[in-house]
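Here is the structure we will look at.
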2 protein chains.
Amino acid sequence: MKITYKGDYALKTILDLSLHFGEGPITINDLARRADIPIKFLEQILLDLKSAGFVESRRGKIGGYLLSRAPSEIKLGEVVRFIDGPIEPIACVDKSYKGCKDLSTCVFRNIWSKIRDSTSATIDSITFEDLARRAKESSAVVVYQI
Amino acid sequence: MKITYKGDYALKTILDLSLHFGEGPITINDLARRADIPIKFLEQILLDLKSAGFVESRRGKIGGYLLSRAPSEIKLGEVVRFIDGPIEPIACVDKSYKGCKDLSTCVFRNIWSKIRDSTSATIDSITFEDLARRAKESSAVVVYQI
DNA sequence: CTATACTCTACTATTATAATAGAGATTATA
DNA sequence: TATAATCTCTATTATAATAGTAGAGTATAG
Ligand code: FES
Ligand code: FES
């Protein structure tokens, strides 16, 4: 698995929307500014996230984006897979890969599968509700630290 | 972590050398043919592996490549990191990454670290001696299966 | 009506990946 | 010592992925 900028931006945006869930739409402009994301790039990412059903949009004045589902219903892994593709560290682990000739004998295959499985278990056990809670706690801690 | 073709080729080559450890040098040609690797690409990979001290070479007739260390002394993780870079799924986890502004508050950081650690633990617990043993066992099984 | 905000498609720049090419250096051995 | 086999080194190329940028178009609240 490799988290690209696009993936990083998508996750931070969904987290932002999670932190304001139920408070009405947030504009691309605000989302981009708060997470320091190039606005035109974020536009594209949001259209992708919309096509996948993670977010919905309101056009015109008072427009913006909001989550289609509650943060508790969105797993970290879902967003990662949608934006940055399959979790496995090598395409072989999935079906149909030219490199994988000796499917039955390749000794690396089990290792890549194991890594994929433990990584999947981690990112599928975390929802954006969890992340939002942690973000609130963590910013509270920072306030105390300052 | 992302295993590239180059990484895949390097691992298969070190495994081949491990399976013939102590039997003298093997030519690039043989290594390339047996693993179905483009020969000129493998030349470069072997030079890299040599520079890192994984293998050594003999020039001229009866030349070829052999392992610098016993297979039991080469961890899978060492080769993966050398060829395909750091294990973490996002550069943020390492020091000095522009994306990582709120080091103290980013809630994703711990997750990427956890994935890096479990992946590292997996690939650092396996040596090429282990892999060679598995390869022998697995090919024995295939013989019986046919 | 119009300012604000999302939509859609195309384009571009940079880097990484996966090779390919070819001339050069070394060595066993006939 | 000639020579075939083999590694060495640098340069070049092709393709794809990544990370944007650009701009015209559509919808809506007030
Ligand atoms: S060749 Fe596909 S996992 Fe090894
Ligand atoms: S911004 Fe670096 S891990 Fe989140």
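In what follows, chains carry the letters A, B, and so on, assigned in the order in which the sequence lines appear, proteins first and then strands, with residues in each chain numbered from 1.
Protein atom CG of B:Asp48 is 14 Å distant from nucleotide atom C1' of D:dC7, rounded to whole Å. We find that CG of A:Leu42 is positioned 14 Å from P of D:dA19, with the value rounded to whole Å. Atom CD of A:Glu56 and atom P of D:dA27 are 18 Å apart (whole Å). Distance CZ (B:Phe41) to C1' (D:dA11): 16 Å, rounded to an integer number of Å. Between B:Ile39 atom CD1 and D:dC7 atom C1' there is a gap of 11 Å when expressed in whole angstrom units. The separation between A:Lys2 atom NZ and D:dA16 atom C1' is 14 Å, rounded to whole Å. Put simply, CG on A:Asp30 is 14 Å from P on C:dT4, counting in whole angstrom units. Nucleotide D:dA17 holds its P atom 12 Å from the OH atom of B:Tyr5, rounded to whole Å.
Using a cutoff of 4.0 Å between basic side-chain nitrogens and carboxylate oxygens, B:Glu56 and B:Arg69 are not scored as salt-bridged. Looking at B:Lys6 and B:Asp84, no side-chain N of the basic residue comes within less than 4.0 Å of a carboxylate O on the acidic one, giving no salt bridge. In summary, A:Lys40 and A:Glu43 engage in a salt bridge, as defined by a charged side-chain N under 4.0 Å from a carboxylate O. Using a cut-off of 4.0 Å between Lys/Arg side-chain N and Asp/Glu carboxylate O, A:Lys114 and A:Asp117 are scored as not salt-bridged. Comment: A:Asp30 engages A:Arg33 in a salt bridge, judged by a side-chain N to carboxylate O separation of less than 4.0 angstrom.
Close to D:dG20, at under 4.0 Å from its OP1 or OP2, lies a side-chain N or O of A:Tyr9.
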Would you give a per-nucleotide map of nucleotides 6-15 of chain C, 5' to 3', where B means the base has a protein non-hydrogen atom under 4.0 Å away, S means only the sugar-phosphate does, and - means neither?
BBB-B-----
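Projected onto DNA chain D by closest heavy-atom contact, A:Gly7 and A:Ile62 fall at different nucleotides, the more 5' of which corresponds to A:Gly7.
With values rounded to the nearest 0.5 angstrom, B:Leu31 atom CG is found 9.5 Å from B:His20 atom NE2.
Residues B:Thr127 and B:Lys75 bring no donor and acceptor atom of their side chains to less than 3.5 Å of each other.
Comparing C:dT20, D:dA4, D:dT21 by their nearest atom to the side chain of B:Lys61 picks out D:dA4.
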